[in-house]
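Below: one structure, written as structure tokens.
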Amino acid sequence: MKILEANIYGYGHFVDRHFDIANNFQVITGENESGKSTFKSFISSILFGFPTKREKGENYTPKKGSIYGGNLVILQQGQNYLIERVSNDKGNILSIINKKNGEKVPEGLLTKWLSEIDKQLFNDIYAVNQTGLHAILDLKPEEIEKNFYSIATSGSQEVFEIQKRVMKAAGQLYKPNGRVPRLNVMLKEYGKQEKDLQHLINRMDDSKNLEEKIEELKEQNTAFLQEKRQFEQKLLELQQLSAAWNSYQELLSTSQKISDDKVKVTLATFDKIQLQNNKISAIEENLSSLEKQMTHIKLQLEEKDFTNLDFYLQNKVNFDKLFTLLNSSEDQPKQQATNNIEVLSRRNKGSKKSEVSMVFLGILGISILVLFFISNMVLKSIGLVGIVAGIYVFSKTNKKNYNVTIEPVSKHVNFDFCKEELGLSDDYADNLKRIFNFQIQMKKQQSCKDEYESKKRFLSQERSDKLSNLRQEQIQFDTQLEKLGFDSFVSLRDTYFQQQDQIETESKLHGLRSQLSSNIIKKLANYSSRNEIEERRVHVSDEFDLRKAEAEKKLEQIISYKIQLKKIGDSSEIAILRQEAANQRAQINTKIEEWLALSLTDRWLENYLSKLSKHRLPQVVELATYFFERLTRGHFTSIILEENQFSLKTVDNQNFKVVELSRATAEQLYLSLRLAFVVTFNKKIGLPIIIDDGFVNFDRNRKVQIIDLLSEISNETQILCFTVDISVLCDKVSNKGILVI
């Protein structure tokens, strides 16, 4: 990645500024407080996001009300992209645009370009500054070796174990955003002491300036008192709007339910049409009941077996002749026919008269026994009479049984047409019985069928009458609907019910409007949700609290200025403050030494060194050897790493340990390892390297060496060098390569 342009909308004191930084080795220079640190922070913020409220000392919100943010134009994989980031109440808004075609690309592409490096990791790895040199050189000799190795290694388990042990101790001493750690408290107190001391020194002869500032602060607080009333009124209004939101939403919803339908259906009309509709529904239900009854009768007819009746009807002429002949014969009355049937029945089954004959035979036998075995003449006379009577009755009975003949009804009647179906035989008596039984069955079946048919005709006539009545009622019903302008009762009913709902809705709407004034409704129309009102209220409240806090700080400042006015000219006060600051500085230096030993291990190993694997360590050492040889003008030719210990070989084959190096040489070794680490780490990532006065304490010759080395490195990776002193750079960098802020 190469940064070509920086366009600042508003960031710190920069407003609507454009910077061209397209050179591979780009120098950014300016006086102290000119904005170099702000510009460096801007680049980091566009790439990784704006500083949060927790990052104290990093608030770059523009004071003049400009848009907070800007854009960078970068060269990435042969394409120019514009990365824009602005901040508003809803948070950071990031957009990436391809400069060639103007198309917007996914935001996730930036994360891919940055290889998921965060802001802290970028500042720690890619930003080489004087602070790093001081931190290394302020360590104890035995700690320098370990830290130099930490710079070059990828992070072994041993190093990680060390990091775990020191993390807790380092956090107890100092945290970037901490308030409780001892060093944070000491630095804050020292900063306040320094500020108070400098304040006294700078304004010792300027009491008038203090008085002017006091008056200015008083005027500002007076203006705040006027704004306070406006804030309170605005908050009260927003609270009222929030409380009225539900009623307002209900009013909108109710208003939407009011229709402009001109058709009106009165209660009398609706009742009349509904009565007619109910009448039609009753007729339809009656018809449905008739249909069910007809279907039931049909099913009953289908369940009946009228096969014999059908046969009878097919041969009705023959059967009628047969039945007429049998029923109308004068010489054979019905009683005789019945007797004949009974005679046939007695012959076939063993008739009752045969049983009577057997009884008389029994009597005859008893009479014979009485005649021969009883001596009483009377009884013998009775036995004789019984014998004579028994013989007579028996003879009569047998004569009837054998001599009575059944005269056929007609020897000329033809039974062939029904012989098979009725199961007739040559026995005329049996045939007559079957025919008479068949006649009786046919009469019953015919009567049953006629009854069903009569019911069908009745139901059919009823259905016809109902249908006729239904048509008449329907015509009358449709005519009434048509006059009213409706095509169905459902539409009329819905319209009527809607009218009733409209009446209720209008009443409800009137009640809601009486609750909300037109002014409240007008203001509520500017919001899309209650959350938006609440967000606005919170925003106004936060702004009010902020202004209030500022006013309180101004009051405190006024008091402080007044106290300072009283103390101006009191040299003893300044001497006391200087002594206290010196004592505090000595204590802070002691704590910094402790914290640096812990925090360097923690930050380097946790954020950077874990990115490298063990097989890259030789590459770092090899590249660092080349850089170190360049910076020492060939005096040191090798950096040897054995068992986590560095040894340095000179051109005349002398070996030095790290602790034996001079301060200047140790600085050169630090820069060599640091730059080698960054260049090796950057081969797959390709982010610009930032040098922030990293060699301000170098003499001219060493500055020339480091600038030549950086120029060579910039052929592969863009370097942004922030510095105050450019005296050496003027001969090494073109005018285009130097940006003066």
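Note that the CG atom of L675 and the CD1 atom of I719 stand 7.5 Å from one another [nearest 0.5 Å]. Atom OG1 of T625 is separated from atom CG of L669 by 9.5 Å, given to the nearest 0.5 angstrom. Here the CD1 atom belonging to I706 is positioned 11.0 Å from the CD atom belonging to E667, to the nearest 0.5 angstrom. Between atom CD1 of residue I97 and atom OH of residue Y81 there is a gap of 12.5 Å, rounded to the nearest 0.5 Å. Atom OG1 in T717 sits 13.0 Å away from atom CZ in F25 (nearest 0.5 Å). Remark: L710 CG to K732 NZ distance equals 12.0 Å, nearest 0.5 Å.
At a threshold of 4.5 Å between non-hydrogen side-chain atoms, the residues K2 and N24 count as touching. The side-chain heavy atoms of S45 and K119, taken from C-beta on, include a pair separated by under 4.5 Å. Using a 4.5 Å cut-off on side-chain heavy atoms (C-beta onward), Y68 and Y60 make contact. Inter-residue side-chain proximity for D725 and K703 is flagged as met; some heavy-atom pair is nearer than 4.5 Å. Contact check for L110 versus R85: side-chain heavy atoms found under the 4.5 Å cut-off. Contact check for F677 versus L673: no side-chain heavy atoms found under the 4.5 Å cut-off. Counting heavy atoms from C-beta on, the side chains of I8 and F39 come closer than 4.5 Å. Using a 4.5 Å cut-off on side-chain heavy atoms (C-beta onward), Q705 and Q668 make no contact.
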Report, one line per pair, each donor and acceptor closer than 3.5 Å where one atom sits in a side chain of residues 733-741; sequence neighbours left out.
residue, atom, partner, partner atom, Å
S734, OG, G737, N, 3.4

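Partners of K100 by side chain to side chain contact (heavy atoms under 4.5 Å, CB included), not counting sequence neighbours, listed by chain and number: Q79, N98. Qualifying side chain to side chain donor-acceptor pair (under 3.5 Å) partners for E712, counting only residues two or more places apart in sequence or in other chains: Y626, R630. For T650, the side chain to side chain donor-acceptor pair (under 3.5 Å) test picks out D652, with sequence neighbours left out. For N101, there are no side chain to side chain donor-acceptor pair (under 3.5 Å) partners, not counting sequence neighbours.
Although no hydrogens or angles enter the test, the distance criterion places a donor-acceptor pair under 3.5 Å between the side chain of S711 and the main chain of I707. In this structure, E642 contributes its side chain and S647 its backbone to no donor-acceptor pair below 3.5 Å. With hydrogens and angles disregarded, no donor-acceptor distance shorter than 3.5 Å links the side chain of N682 to the backbone of I685.
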Query - Worked verdict on N701 versus R633 for side chain to side chain contact (heavy atoms under 4.5 Å, CB included) - result: CA-CA 10 Å; N701 290 332; R633 296 183 178 182; 2.9 Å; yes
Query raised in the report: Given K188 and N184, is the side chain to side chain contact (heavy atoms under 4.5 Å, CB included) satisfied, shown in steps?
Result: CA-CA 6 Å; K188 184 176 180 180; N184 291 82; over 6 Å; no
Query raised in the report: Going through the distances and angles, do L661 and F646 end up as a side chain to side chain contact (heavy atoms under 4.5 Å, CB included)?
Result: CA-CA 12 Å; L661 297 177; F646 288 106; over 6 Å; no
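Across all their heavy atoms, V27 and I726 have their closest contact at CG1-CG2, 4.2 Å. Residues L94 and E107 approach most closely at O-OE2, 2.9 Å, considering heavy atoms. Here the shortest heavy-atom pairing between L114 and L47 reads CD1-O, 3.4 Å. Contact record, F628 with I639: CB-CD1, 4.0 Å, taken as the closest heavy-atom pair. Summarising the geometry of A22 relative to Q718, their closest heavy-atom pair is C-NE2, 4.4 Å, with the distance given to 0.1 Å. In terms of heavy atoms, T637 sits closest to V651 at CG2-CA, 3.8 Å.
Listed by first then second residue, pairs satisfying salt bridge (charged side-chain N to carboxylate O under 4.0 Å, His left out) with a partner in residues 22-45 read K40-D692, not counting sequence neighbours.
Between F14 and F19, the ring planes are perpendicular. Angles over 60° get that label, and only those under 30° would be called parallel. Ring planes of Y11 and F42: perpendicular class, angle over 60° (limits at 30 and 60°). The aromatic rings of F122 and F48 sit tilted relative to each other, their planes meeting at an angle between 30° and 60°.
Residue E660 qualifies as enclosed at atom CD: its count of foreign heavy atoms under 6.0 Å is above 12.
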